[in-house]
Amino acid sequence: MLTLKQIQENKQEVIERLKVKNFDATAIVDQIIHLDNQRKVTQAKSDQLLAETNALSKSIGLLLKEGKAEEANVSKEKTAALKEQIKEETTLLETTEKALQAALVQLPNLPHTSVQAGKSAEDNITVREGGQMPTLTNALPHWDLAKKYDLIDFELGVKLTGAGFPVYKGKGAKLQRALINFFLEEAIAAGYQEVMPPLMVNEESGFGTGNLPDKEGQMYYVEVDKLYLIPTAEVPVTNIYRDVILNASQLPVRNCAYSACFRREAGSYGKDVRGLNRLHQFDKVEIVQVAHPDKSYETLEGMVAHVQTLVEKLQLPWRILRLCGGDMSFTSAMTYDFEVYSAAQERWLEVSSVSNFESFQANRLKLRFKEDGGKKAQLAHTLNGSALALPRIVAALLENNQFEGGIRVPEVLVPFCGFDIIS
RNA sequence: GGAGAGAUGGCAGAGUGGUCGAUUGCGGCGGUCUUGAAAACCGUUGUACCGAGAGGUACCGGGGGUUCGAAUCCCUCUCUCUCCGCCA
């Protein structure tokens, strides 16, 4: 969430920049400023009353020590009246703070000043592209290939769990492992430290990365234990740094993690959910960084460059989009999407999203750092990206590399899976 | 799941109703000494909010209560440890 300081000092700018995300913040910003001002007044009053009571209590202690019980009793009566007032003020303070918090979490992150306005995916800008476009005729879609070579069983997944939970089999399963290991090794070689996080998180973690309260319905929830299945490793990995104060010399912190990801995907339908295009459970390697505010956009470019090497090594046709304000997530200040082209579906599939959240998550997480020798802790910047999400990569690999005799496995994966042809 | 013990500052560990934001040790930072280092010695060392400042307020796992006053007493929740049971 945005900081109160940001909103108080740059009210008009906040409103203007959120227009780029098609968000009218005027009413909420006014409400926040009003509540914050009320909070300050209320706190000043309540602090002063508390100070008076504290002083009286101290004097009562001294009086009793000197055996002046009569005088002590007079003071005790005085505190009774003060306590009434304190209760009133603190109740008001609490409700004001709650209302303030409720208003604050409604504001999306400010898009970076260079982000273009726009309504939907159509307004995204292609910043780079590469790879060979496929020239296949009569290419089979990946769901047919998966059946033909017995790689993925969607119906079996329906039997075991439900739609969107495929069962990978034989070389299909091994290809998953190979991709996971390939992505992890690439990330480690690029300087990321691997972590293997829990697949469920508590409510605090969901709040820290901005998944709660607004995306509640997108996560699976285990009611009895009040735990959420993670929609991405971003959630547990970023929350490692919740309530942490780092030294500037430790930045940037770089982590990578493989995890299964769980998404309810309520409201999705049609060709978007066919085959591997949109699943309730899928595998992903995620990269996460905590960066110094002055360096976070450099960091973002570095992460984009890393993801680019992955799609290049896999020899897939790729392009990088910079998302317009309207297509960006609630929490992001700038996002690049990676898409790969799939030969049979004849369309671009999103396989990665790399974002800078600036201090938006850090503010919720209380993730801060201190300049070397500095006294004051300030909010760090957080970033993350998929590197990469498997299902659509698999879809594109199967579709683009098919030939009469089978499916060719990209060279970089052969050491990881042990075969070069699926037949 | 049953029984018991515990949760205090970066870490260790005191503190069982008042001047305790908290003794002390270690670690960190600064200094003295030294050619340099070590040792020794001296000083310093939490976070947030309000305030122009002086200063004030809150925080001893979370929440609630008793009291003029709570790290300290009571209730409750969470977590950790030990033993028993079960188990990948």
Side-chain angles (χ1 to χ4, degrees), chain A residues 1-9 32-104 196 198-208 212 221-228 236 239-251 253 260 290 359 362-380:
Chain A
M1 66 195 167
L2 302 179
T3 62
L4 283 166
K5 204 172 169 217
Q6 264 176 307
I7 298 167
Q8 285 276 18
E9 290 174 7
I32 287 170
I33 289 175
H34 170 254
L35 286 167
D36 189 38
N37 293 340
Q38 188 185 324
R39 181 190 119 257
K40 286 179 186 174
V41 172
T42 313
Q43 189 181 331
K45 220 186 262 180
S46 117
D47 277 1
Q48 193 221 324
L49 290 168
L50 282 166
E52 279 177 45
T53 316
N54 286 344
L56 268 174
S57 291
K58 250 179 210 177
S59 72
I60 290 170
L62 290 174
L63 288 171
L64 288 174
K65 224 175 231 172
E66 294 163 18
K68 299 177 181 167
E70 280 300 312
E71 286 175 52
N73 279 331
V74 174
S75 292
K76 277 190 194 183
E77 275 165 39
K78 275 191 210 162
T79 61
L82 280 171
K83 277 176 85 176
E84 281 295 310
Q85 289 184 58
I86 287 169
K87 188 156 193 187
E88 247 173 65
E89 291 300 325
T90 51
T91 307
L92 179 59
L93 186 59
E94 265 172 45
T95 53
T96 307
E97 276 174 347
K98 263 187 199 152
L100 184 57
Q101 183 73 7
L104 272 173
M196 195 178 265
L199 302 181
M200 295 191 198
V201 292
N202 56 29
E203 196 183 332
E204 290 75 36
S205 295
F207 177 81
L212 294 173
Y221 182 54
V222 182
E223 181 89 43
V224 277
D225 295 301
K226 302 201 184 326
L227 295 173
Y228 295 86
N239 271 281
I240 291 173
Y241 304 98
R242 171 151 51 85
D243 292 318
V244 167
I245 299 176
L246 297 160
N247 293 320
S249 59
Q250 291 174 272
L251 302 175
V253 172
V290 180
S359 61
N363 190 31
R364 289 175 163 224
L365 292 160
K366 296 195 171 63
L367 162 51
R368 290 161 295 170
F369 74 99
K370 271 185 188 169
E371 293 291 358
D372 295 327
K375 205 78 180 111
K376 188 85 180 145
Q378 53 176 317
L379 294 174

Pairwise [atom1] distance for [N] and [M], with rounding to whole Å:
N     : M     : atom1 : result
B:U34 : B:G25 : C1'   : 27 Å
B:C60 : B:G46 : C1'   : 12 Å
B:G6  : B:U72 : P     : 15 Å
B:A40 : B:G51 : P     : 47 Å
B:C20 : B:C26 : P     : 23 Å
B:G4  : B:A12 : C1'   : 25 Å
B:G62 : B:A71 : P     : 12 Å
B:G63 : B:C79 : C1'   : 15 Å

Could you state the [atom1]-[atom2] distance from [X] to [N], rounded to the nearest angstrom?
X      : N     : atom1 : atom2 : value
A:E203 : B:C77 : CD    : P     : 19 Å
A:I86  : B:U67 : CD1   : P     : 15 Å
A:K226 : B:C79 : NZ    : C1'   : 17 Å

Task: Those residues of residues 70-84 of chain A lying under 4.0 Å from RNA chain B by at least one heavy atom - done: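 Correct list: A:K76, A:T79, A:K83.
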
TODO: Would you check if the side chain of A:T3 reaches a backbone N or O of A:Q6 as a donor-acceptor pair within less than 3.5 Å?
DONE: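 Between the backbone of A:Q6 and the side chain of A:T3 there is a qualifying donor-acceptor contact (under 3.5 Å).
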
Nucleotide paired to [N] in any strand shown, Watson-Crick or G-U, under 3.5 Å:
N     : result
B:A3  : B:U82
B:C87 : none
B:C20 : none
B:A14 : none
B:G51 : none
B:U35 : none
B:C29 : B:G43
B:A71 : none

Distances under 3.5 Å between nitrogen or oxygen atoms of protein and nucleotides 48-56 of chain B:
unit_1 : atom_1 : unit_2 : atom_2 : d
B:A48  : OP1    : A:R368 : NH1    : 3.0
B:C49  : O3'    : A:R39  : NH2    : 2.6
B:C49  : O2'    : A:Q43  : OE1    : 2.4
B:C49  : O2'    : A:Q43  : NE2    : 2.9
B:C49  : O2     : A:Q43  : NE2    : 3.3
B:C50  : OP1    : A:R39  : NH2    : 3.0
B:G56  : N2     : A:D47  : OD2    : 3.1

Task: Atom CD of A:Q250 with >12 non-hydrogen neighbours under 6.0 angstrom - done: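 Result for CD/A:Q250: enclosed.
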
Below 3.5 Å is the cut-off: list the nitrogen or oxygen pairs between protein and nucleotides 72-75 of chain B, distance only.
none

Looking at side-chain heavy atoms only, is the closest gap between [X] and [Y] below 4.5 Å?
X      : Y      : answer
A:L379 : A:L365 : no
A:Y228 : A:L212 : yes
A:K78  : A:L82  : no
A:S59  : A:L56  : yes
A:V201 : A:L227 : no
A:N363 : A:L2   : no
A:Q8   : A:N37  : yes
A:L4   : A:R39  : yes

TODO: Using a heavy-atom cut-off of under 4.0 Å over every strand shown, decide if A:L50 touches base, sugar-phosphate, or nothing.
DONE: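 Result for A:L50 = sugar-phosphate.
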
TODO: Tell me yes or no: between the side chains of A:S57 and A:N54, is some donor less than 3.5 Å from an acceptor?
DONE: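 No, A:N54 and A:S57 have no side-chain donor paired with an acceptor closer than 3.5 Å.
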
Open item on the list: Does either side chain, that of A:E97 or that of A:Q101, offer a donor lying less than 3.5 Å from an acceptor on the other one?
Closed with: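 No, because no side-chain N or O of A:E97 sits under 3.5 Å from a partner of the opposite role on A:Q101.
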
Task: 5'-most by nearest nucleotide on RNA chain B - A:K87 or A:S46 - done: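 Residue closer to the 5' terminus by nearest nucleotide: A:S46.
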
Task: Separation of A:N202 CG from A:D225 CG (nearest 0.5 Å) - done: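 Answer for the CG-CG pair, A:D225 versus A:N202, is 11.5 Å.
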
